[in-house]
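Reading through the structure tokens given below for one structure.
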Amino acid sequence: MELAFRRWGEKPGPIPSKKLVLLHGMGGTGSLWRPVAATLEDDFEILAPDQRGHGGSRIAEVAGSRKRPGFSPLDYAQDVADTLEALHFHPATVIGHSLGARTACALAQLHPDRVERLVLVDLGFDGLAGGGLGEGLARFIRILPERFASRAEARAFMDQNCPDGSMAQYLMAVSVALPEDAGGGIGFPFDHSALLRTLEEARGTR
């Protein structure tokens, strides 16, 4: 599927430009890359997709359908490949953080012609979900509410329940204000079930 994305540093004219693809970590969106992109957009064209199950790229399951969307690293990578092809945005340097690092590796495996080089940040390659927090993270996502009345309430919940302080800080950083007609408060830019499926399907992927 083609992904929602942010794009910065577009260059006019026929001269080929250097291209960067920035892939966020689990629970984030492409907008998290804005501070990094601001330092690079004079020299590069930059694409920052919302990966499958995140931000504007959430997947609606069809009622009654036997086929469920997949959340393996290869599924994530094919989405990025489809998006790059639709935008003619390749070959590119692909920078991936955490979940995005796994997607970047899978993209290079599936479509090496679309990847000029890889920069991989903060992900191991052994164990559940490539290292990381594994089952502790999955247990936490299962109890994480979709909405909090305030940031203070969310922070208190994180302090009491999150298995890792840096993960709690990250989740607070990606949290978003919810519209008043939806009850207000804050929520998160991801589908909880998609994250759980992502962790589960990473188990069988080397």
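All values below were derived from every heavy atom in this structure, side-chain atoms included, with hydrogens, water molecules and symmetry-related copies excluded.
- Considering only residues two or more places apart in sequence or on other chains, L196 meets the side-chain contact (heavy atoms from CB on, under 4.5 Å) condition with A138, I141, R142.
- The shortest distance between side-chain heavy atoms of S98 and V121 does not fall below 4.5 Å.
- Atom CG of L47 and atom CG of L84 lie 6.5 Å apart (nearest 0.5 Å).
- Distance alone, capped at 3.5 Å, places no donor-acceptor pair between the R6 side chain and the I46 backbone.
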For residues 175-184, which side-chain N or O atoms pair as donor and acceptor with protein atoms under 3.5 Å away, sequence neighbours left out?
| residue | atom | partner | partner atom | Å |
| --- | --- | --- | --- | --- |
| S175 | OG | R151 | NH1 | 2.8 |
| S175 | OG | M172 | O | 2.7 |

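- The line from CG of L195 to NE2 of H54 is 4.5 Å long, rounded to the nearest 0.5 Å.
- Among all heavy-atom pairs drawn from G53 and A194, the shortest one is CA-CB, 3.9 Å.
- For Q169 (side chain) and G165 (main-chain N/O), no donor-acceptor pair under 3.5 Å exists by modelled atom type.
- Sorted by first and then second residue, the salt bridge (charged side-chain N to carboxylate O under 4.0 Å, His left out) pairs with a member in residues 80-94 read E85-R114; sequence neighbours excluded.
- No continuous path of ILVMFWY side-chain contacts below 4.5 Å connects F5 to V36, so the two sit in separate hydrophobic clusters.
- Contact of the V94 side chain with the L107 side chain is registered, since non-hydrogen atoms from C-beta on lie closer than 4.5 Å.
- Applying the side-chain contact (heavy atoms from CB on, under 4.5 Å) rule to S72 yields the partners L74, D75, E201; only residues at least two apart in sequence or on another chain are considered.
- L3 and L32 fall within a single hydrophobic cluster, where Ile, Leu, Val, Met, Phe, Trp and Tyr are joined by side-chain heavy atoms under 4.5 Å apart, directly or via other members.
- L99 and V119 fall into different hydrophobic clusters, defined by Ile, Leu, Val, Met, Phe, Trp and Tyr side-chain heavy atoms under 4.5 Å apart, directly or through other members.
- For residues 172-192, the set of pairs meeting the ring-ring contact (aromatic ring centres under 6.0 Å, His included) definition, not counting sequence neighbours, comprises F188-F190, F190-H192.
- Cluster annotation: L87 and M1 are assigned to the same hydrophobic cluster (Ile/Leu/Val/Met/Phe/Trp/Tyr, side-chain heavy-atom contacts under 4.5 Å, transitive).
- When the options V21, T93, L20 are evaluated for a side-chain contact (heavy atoms from CB on, under 4.5 Å) with E116, the one that passes is T93.
- Applying the ring-ring contact (aromatic ring centres under 6.0 Å, His included) definition to pairs two or more places apart or across chains, none involves residues 74-107.
- Applying the side chain to side chain donor-acceptor pair (under 3.5 Å) rule to T29 yields the partners S31; only residues at least two apart in sequence or on another chain are considered.
- Of the inter-residue distances, the one linking D191 atom CG with I59 atom CD1 reads 8.5 Å to the nearest 0.5 angstrom.
- Taking the side chain to side chain donor-acceptor pair (under 3.5 Å) definition, one finds that S150 meets it with nothing, sequence neighbours left out.
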- Carefully, step by step, assess I186 and R147 under the rule side-chain contact (heavy atoms from CB on, under 4.5 Å). CA-CA 6 Å; I186 69 163; R147 175 188 169 277; over 6 Å; no

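- For the pair M26 and Q51, the minimum side-chain heavy-atom distance is 4.5 Å or more.
- Shortest non-hydrogen contact noted between A104 and L120 is CB-CD2, 3.9 Å.
- The pair E41-K11 fails the salt-bridge criterion, with no side-chain N (NZ, NE, NH1 or NH2) lying under 4.0 Å from an Asp/Glu carboxylate O.
- Looking at heavy atoms from C-beta onward, V80 lies in side-chain contact with L23 at the 4.5 angstrom threshold.
- Partners of R7 according to the salt bridge (Lys or Arg N to Asp or Glu O under 4.0 Å) rule, which considers only residues two or more places apart in sequence or in another chain, are E10, E45.
- A distance of 11.5 Å separates CZ in R139 from CG in L199, rounded to the nearest 0.5 Å.
- Contact check for V174 versus H24: no side-chain heavy atoms found under the 4.5 Å cut-off.
- A search for side-chain contact (heavy atoms from CB on, under 4.5 Å) contacts involving A4 returns D50, S57, not counting sequence neighbours.
- Note that CH2 of W8 is 15.0 Å distant from CZ of F44, once rounded to the nearest 0.5 Å.
- Taking the salt bridge (Lys or Arg N to Asp or Glu O under 4.0 Å) definition, one finds that D79 meets it with R52, sequence neighbours left out.
- With rounding to the nearest 0.5 Å, the separation of CG in L171 from SG in C162 is 6.0 Å.
- With sequence neighbours excluded, the residues that form a side-chain contact (heavy atoms from CB on, under 4.5 Å) with P145 are F148, F157.
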